[in-house]
Peer 1: 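Starting off with a structure, shown below.
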Amino acid sequence: MQATSHATHHDHAHADPHHEELGFWRKYIFSTDHKIIGFQYLLTALVFLMIGFGLIALMRWQLAYPGRAIPIGGALLERVLGPDMVGKEAVTGKIGVIMPDLYNSFGAMHGTIMVFLAIVPLAFGAFGNFVTPLQIGAPDMTFPRLNMASYWAYYLGGVVMLISFFIPGGAAKSGWTSYSPLATVVDAQYDINGQTLWLVGMVLLITSSLLGAVNFITTIIQLRAKGMTWMRMPFFVWAQFVTAFLLLLAFPPLEAAGIMQLMDNVFDTSFFLPTGLVVSGKPLDISGGGSPLLWQHLFWFLGHPEVYVLILPAMGIVAEVIANNTRRPLWGYKTLVYSVITIGFLSFIVWAHHMYLTGMGTKISTFFQTTTMMISIPSVFILSCLFISLWGGSIRFNTPMLFALAFLPMFGIGGLTGLPLGFNASDIYLHDTYYVIGHFHYVVAPGTIFGLFAGIYYWFPKATGRFMNEFLGKIHFVFSLIFMNAVFMPMFVQGMAGMSRRMYDGGATYSLEKAPEVIGALNETVMRYNISITHAAIGLGLAQIPFIINFFWSMFAGKRVTSDNPWQATTLEWCTPTPPPHGNFLKEPAAYRGPYEYSVPGAATDFTPQFQAEKP
Amino acid sequence: MAHSHDISKHVRTYIAIFVALLVGTVVTVGLYYVHFNSVAVTIAVALVIASLKSYLVAGFFMHLNSEKKTIYAIMAVTVFFFFALMGLFIWSFLDIPTPKGL
Amino acid sequence: MDIPYTSKPRPDTGLYNAKVGIWLFLASEVMLFGALFSSYILLRIGADKWPSGLLNIPIGTFNTAVLITSSVTVVMAWASLKMNNFPKFKLYMGITILCALAFLGIKSIEYKDKFTHYQVWLKDGTTQTGHIEGNPYFLNHNKLDARKLDHIMFRSDGGHVVAAAEHGGNAKGGHAAAVKIERKDIQRLSAYVPAHSTYFAIYFTLTALHALHVVGGSLVLAFFWGPGSKMWKTDPERFTNRIEVGGLFWHFVDLVWIFLFPVLYLL
Amino acid sequence: MTNYITKYLGMAPVAAVHAQGLDNLLWYVHVLMAVLFVGWLIYFLYVIVRFRKSRNPKADYHGVRGHASSYAEAMVAIVELVLLVFFAIPLWASAVAKFPDAKDSLVLNVIGSQFSWRARYPGADKIFGKQDARMVTAENPNGLDLKDPNTKDDFEVVNDIVVPVDKDVIVNVSSMDVIHCFAIKPMRVTQDAIPGLKLATHFKATGTGIYPINCAQLCGNSHFAMRGTLTVKTQAEYDKWAASKVGAGAAGSYE
Ligand code: HEA
Ligand code: HEA
Ligand code: CUA
Ligand SMILES: [Cu+2]
């Protein structure tokens, strides 16, 4: 069944009465087709990934060479952002020094853009949209127009965020966490400031995610094909399902918080502002009576589930790719499913591990560290299952598989370094140091991003009908792996030495050089890592060039696929025509077995797809 | 349509509930003027009545009393997190220690 | 392939798509209002004193009744469709929409009332509530300075009150004559606007958000009542479903108000 | 004071009594992490070499059948449980939540503000004067009640906090503008300074010298420069220093 040729599919497609020709705008821009929307998400989010990287590249320059002008584009940046943001070098007068306010803006926006505008849209918007309906055998999302609305709300949110760089005062500068009262008092001289736009942008992004989540869950509940029982769903779909629930239920509290902070900023309320605030020697003119901790609770109530939103889809992708390229079933499919559900539940009751040092009481912090330790167990289960799946496989090392394999130890490092943060007693030392930065970048950058790369290489042939180039892919992989580690590994050392995060001068104030008399000042090695990390980060950026070339070149000139199932995979998306037409399936698909029936003893081929009917 | 017979029975229920809701409202307001001595009792009574009212709306107007399993599952999950949110919030705030030494 | 189960229920779940969708949406709304209610509780626990009795209870009670009425009429509208009685549907849905408008109208009168009702905190530590001559909007002590006003003419609700006004709300009756209050004696001046106190902040946030839901809901219901009702002829089953889904949302809005009313007006 | 833990983990030297327990926990967690990581990594490398396609062209449908992995997972859970129940929870209870007797301790009020640390000492009478934000003026940034007799001998230092060695120090951390974080890495002390709250932390220094005070919470554009120092002196030197300060700070003046 899988080997049906291209041409026949084409004929079918035209015979389909619903296949009317849409104009360019309806077809590619205001499309309601989940695959086009997935692609829109993919491209937009990749652009934001690049922007997020651009911001951090500039910040890393400042960290490595505090007070030195950026080597290129300094004058241009000054023209665009103004002299408050981009200054002159003290000695040479060269324009292009990132000023502290700009550093803080970039930091906040790097976090925001990476999390909400790059990774979530990639993991959930792009892959979720493109793959989920195909894998469950659905013709589209249940609410196609809602789906389009989600994308455009996301797009608008992104635009608002970007605009905020150019308004007086610049973009939000209170960290991606936007803690009050800083978020309210900073730039208070401007009626509409970066923080206001940040909040408006967030409300749009939250709306987008909520609509998306409703759509995904309904689709998975209602549109599964015949025979696609819950326990026959690919693990990726399970991951998306749980992710959607996290978004659905964790985002609204942040929306509430966002509205309240907006009220604080615009209508001078005091939701998050306590009585007795004195800023720059002047008592603030507000009623007071609010609580800064309330914001933190509401933020992290989303914040923690959000990190699983970042990781679960990547785990799903990795599971698909590993099953396909080991040519054997995933080990412990049920364990995987139950673990991911458990993570979903637990992720809502661990949030305050970000707040151990906010004066939390002993009982409550005991509660939260216990739940935090509990949540690491299902993560260990998931990783173990994936590891054990490798045993007995016949492993093909193509590019998607390389990224998927690298995901495992990289996520391992990130996850394991979460443990010392998870105990309140050891978090005392590590809180808000570069150790934390190292921890979460290992999970999101070499973790999630690698998972996403694996997905891009893996589903590219289905989406475009062409393979991506393997050689460029491997170059991309090797250099990304090296540089990722060169960027983030030294951060653990810096953090252990006591370097705080969000330091404009990269901790120079605390270095031995500036403060030789101080016991426990940061030594030269630790400080020198600032430079090596920056170089590695630039290397990491350059390592993406083969990817970008590969991506666009392969779209038009890559090697054509010769079958609808080029990877010889088992899940339903591989029985559609390539690329799938509007409506996806030519005839109603059905699932006859579990999702990973590879190398079934006695079968003719080493894969027995879900869509292959039982022999009579 | 198919179930028009059942439906007309439902309609009577709807009217009854409408009356009950109005009564509930009046009772709440009436009790408010009565003034209980304890704030806790006042709050408890008001919230109990509100909960009963919301049960009537959700259970009958929204037919939650006879819904499908899937909906129950979704709402069960939601209720769990709703109480996690509220409960842990309040607990967190009550558990903040007071300053030492003075 | 077309999207299945847009009007017929899926056999194993027994539900059509939109019904799953709306319940999921309501789940997220529960969390949204849950977060706001939690904030309410915490702000209240943290407040030195929590004002009470500043809202007009009879009006609030009446508005509650209006909303409850609209809730029963919307379910009757759906039931009428189920019984194949389209004119009755039109009638009930019409009443629902009128109730929604009435609710919003009453709410905006309440808002307006608050916007012109002032509290002054005097430097001697006492406070007064009442109206300023000319009923200006959104005045506060900073605006006094900006407009170079050195005094206000203040019509107190009744003598000096240190605590909040007594129960029964802003009874219009007992107004004293306007007295002059010098700017230099004023510590702070604020109408009953969000900036007045955390109480009014959460009051306005919750009720405005709720009002937005009412607006959104009534727009959708109005569409179903007007142009959208054409679907009854082409696909009655789906239209009935739409009414059910719209009704579910509407009941939820009512349900939120059932909690908002005692929590904000009475407690 | 250096030992193998601080050395291998590359941590700031230890200079407080309660610190060792915290470092031990950090060490045990890292040992657990290392064991897990190295164990899995060896397995991982072995597997991807042994089961590569060219060597193992036909995959095995069943794969691992034993229970080795379940045991490994159970071990992880047990070790985490042990660390939690026998280390983290008791440590927090004994080193963080349990406070020394205020009568025998030096009690300080530390107020974080953009961008410095103001430390108030209660002076000889060991009682702080009253304080209220409504009294804040440019000359009186803490809003001190100057009429309160207890204020008289209070004094204040900015950024350079001095404490005696071998004596319990209780620090009540607060802020009047935004959130800061009072962190002294060698003392293993970290406490957010949150406006509207007064949160206590404590330590007992074991060695004299100068230690860094970090502001570890983003608090505005000069957050990076909000460094203070903690100078630990012998009791005698401290007394001398304190005596020279008393009376100098009645009006909330600087140093
Ligand atoms: C995708 C994102 C992601 C993920 C998955 C995690 C996972 C975890 N995180 Fe992390 N975390 C963040 C993103 C993430 N985190 C972010 C963004 C922040 C900072 C936010 C900010 O302040 O700005 C943060 C901060 C943070 C803190 C607060 C630190 C502080 O501010 O002081 C804590 C504390 O408990 C914590 C704990 C954990 C724990 C216990 C896990 C656990 O779930 C981890 C479980 C996983 C394992 C235990 C690994 C299992 C693997 C193996 C056993 C095999 C290993 C071996 C090989 C592969 C060879 N994280
Ligand atoms: C998902 C989240 C995410 C991701 C992926 C990243 C990725 C990276 N981050 Fe970021 N980071 C955060 C989330 C993330 N970060 C957050 C939340 C903070 C805290 C902010 C705060 O303090 O408030 C932070 C803070 C932070 C800091 C600390 C700043 C400070 O405390 O002062 C640093 C320092 O080095 C850093 C570095 C990096 C680097 C080098 C990468 C690299 O991994 C980037 C790699 C990416 C690329 C190289 C781009 C690749 C581009 C493409 C593939 C595009 C292709 C395009 C087309 C085909 C069109 N990050
Ligand atoms: Cu103060 Cu950072
Ligand atoms: Cu977390």
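Since the model is a prediction, treat every value here as computed from it, not as a measurement.
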Peer 1: Identify which part of D:Tyr28 has an atom lying under 4.5 Å from any heavy atom of chain A, answering side chain, backbone, both or neither.
Peer 2: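 The answer is neither part of D:Tyr28.
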Peer 1: Side chain of D:Asn56, backbone of A:Gly393: donor and acceptor closer than 3.5 Å?
Peer 2: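 Side chain of D:Asn56 to backbone of A:Gly393: a pair is present.
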Peer 1: Which atom pair, heavy atoms only, marks the closest approach of A:Pro181 to D:Ile179?
Peer 2: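 It is CD-CG1, 4.0 Å.
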Peer 1: With only heavy atoms counted, which part of D:Val64 is less than 4.5 Å from chain A, the side chain, the backbone, both or neither?
Peer 2: both
Peer 1: Is chain A contacted by the side chain of D:Ile89, its backbone, both, or neither, given a heavy-atom distance below 4.5 Å?
Peer 2: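 For D:Ile89, backbone and side chain are both near chain A.
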Peer 1: Do A:Val518 and D:Arg227 come close enough that some side-chain heavy atom pair is under 4.5 Å?
Peer 2: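 Yes; the side chains approach each other to less than 4.5 Å.
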Peer 1: Is D:Leu32 close to chain A through its backbone or its side chain, or both, or neither, when contacts mean heavy atoms under 4.5 Å?
Peer 2: side chain
Peer 1: Would you mind reporting whether D:Gln217 and A:Arg502 have side-chain heavy atoms less than 4.5 Å apart?
Peer 2: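 Touching, per the 4.5 Å side-chain cut-off.
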Peer 1: Pick one of side chain, backbone, both or neither for D:Ser94, based on which atoms fall under 4.5 Å of a heavy atom in chain A.
Peer 2: neither
Peer 1: In terms of heavy-atom proximity below 4.5 Å to chain A, should D:Tyr43 be classed as side chain, backbone, both, or neither?
Peer 2: side chain
Peer 1: Identify the two heavy atoms, one from D:Leu25 and one from A:Phe423, that lie closest to each other, and give their separation to 0.1 Å.
Peer 2: CD2-CB, 4.1 Å
Peer 1: Counting N and O atoms only, with roles assigned by atom type, does the side chain of D:Lys185 sit under 3.5 Å from a partner on the main chain of A:Tyr429, one being a donor and the other an acceptor?
Peer 2: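 Side chain of D:Lys185 to backbone of A:Tyr429: a pair is present.
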Peer 1: Between A:Arg327 (side chain) and D:Lys58 (backbone), is there a donor-acceptor pair under 3.5 Å?
Peer 2: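 No: the side chain of A:Arg327 does not pair with the backbone of D:Lys58.
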Peer 1: According to the interplanar angle, ranging from 0 to 90°, do the rings of A:Tyr356 and D:Trp92 count as parallel (below 30°), tilted (30 to 60°) or perpendicular (above 60°)?
Peer 2: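 Judged by the thresholds at 30° and 60°, the geometry between A:Tyr356 and D:Trp92 is tilted.
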Peer 1: Between D:Ile213 and chain A, which part of the residue has a heavy atom less than 4.5 Å away: side chain, backbone, both or neither?
Peer 2: backbone
Peer 1: Atom NZ of residue position D:Lys130 - does it have more than 12 heavy atoms of other residues, nucleotides or ligands inside 6.0 Å?
Peer 2: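 Count not over threshold, so no.
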Peer 1: Is the side chain of A:Asn104 donor-acceptor paired with the backbone N or O of D:Gly220 at a distance under 3.5 Å, no angle test?
Peer 2: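 Answer holds: yes.
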Peer 1: When the ring planes of D:Trp40 and A:Phe387 are compared, do they come out parallel, tilted or perpendicular, using 30° and 60° as the limits?
Peer 2: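 If you compare the ring of D:Trp40 with that of A:Phe387, the planes turn out parallel.
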Peer 1: Name the region of D:Glu80, side chain, backbone, both or neither, that has any atom closer than 4.5 Å to a heavy atom of chain A.
Peer 2: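 For D:Glu80, the contact with chain A is made by backbone and side chain together.
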Peer 1: Checking heavy atoms, do the side chain of D:Pro186, its backbone, both or neither come under 4.5 Å from chain A?
Peer 2: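 For D:Pro186, side-chain heavy atoms alone lie under 4.5 Å from chain A.
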Peer 1: Without swapping roles, check the side chain of D:Gln191 against the backbone of A:Thr358 for a donor-acceptor pair under 3.5 Å.
Peer 2: no
Peer 1: So what's closer than 4.5 Å to chain A heavy atoms on D:Leu81: side chain, backbone, both or neither?
Peer 2: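 No part of D:Leu81 comes within 4.5 Å of chain A.
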Peer 1: Measure distances from D:Leu218 to the heavy atoms of chain A and classify the residue's part below 4.5 Å as side chain, backbone, both or neither.
Peer 2: both
Peer 1: With only heavy atoms counted, which part of D:Arg55 is less than 4.5 Å from chain A, the side chain, the backbone, both or neither?
Peer 2: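 Neither part.
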Peer 1: Is any side-chain heavy atom of A:Ser500 less than 4.5 Å from a side-chain heavy atom of D:Phe224?
Peer 2: no
Peer 1: Contact part of D:Leu9 toward chain A, heavy-atom cut-off under 4.5 Å: side chain, backbone, both or neither?
Peer 2: both
Peer 1: Non-hydrogen atoms of chain A under 4.5 Å away: do they reach the side chain of D:Val178, the backbone, both or neither?
Peer 2: both
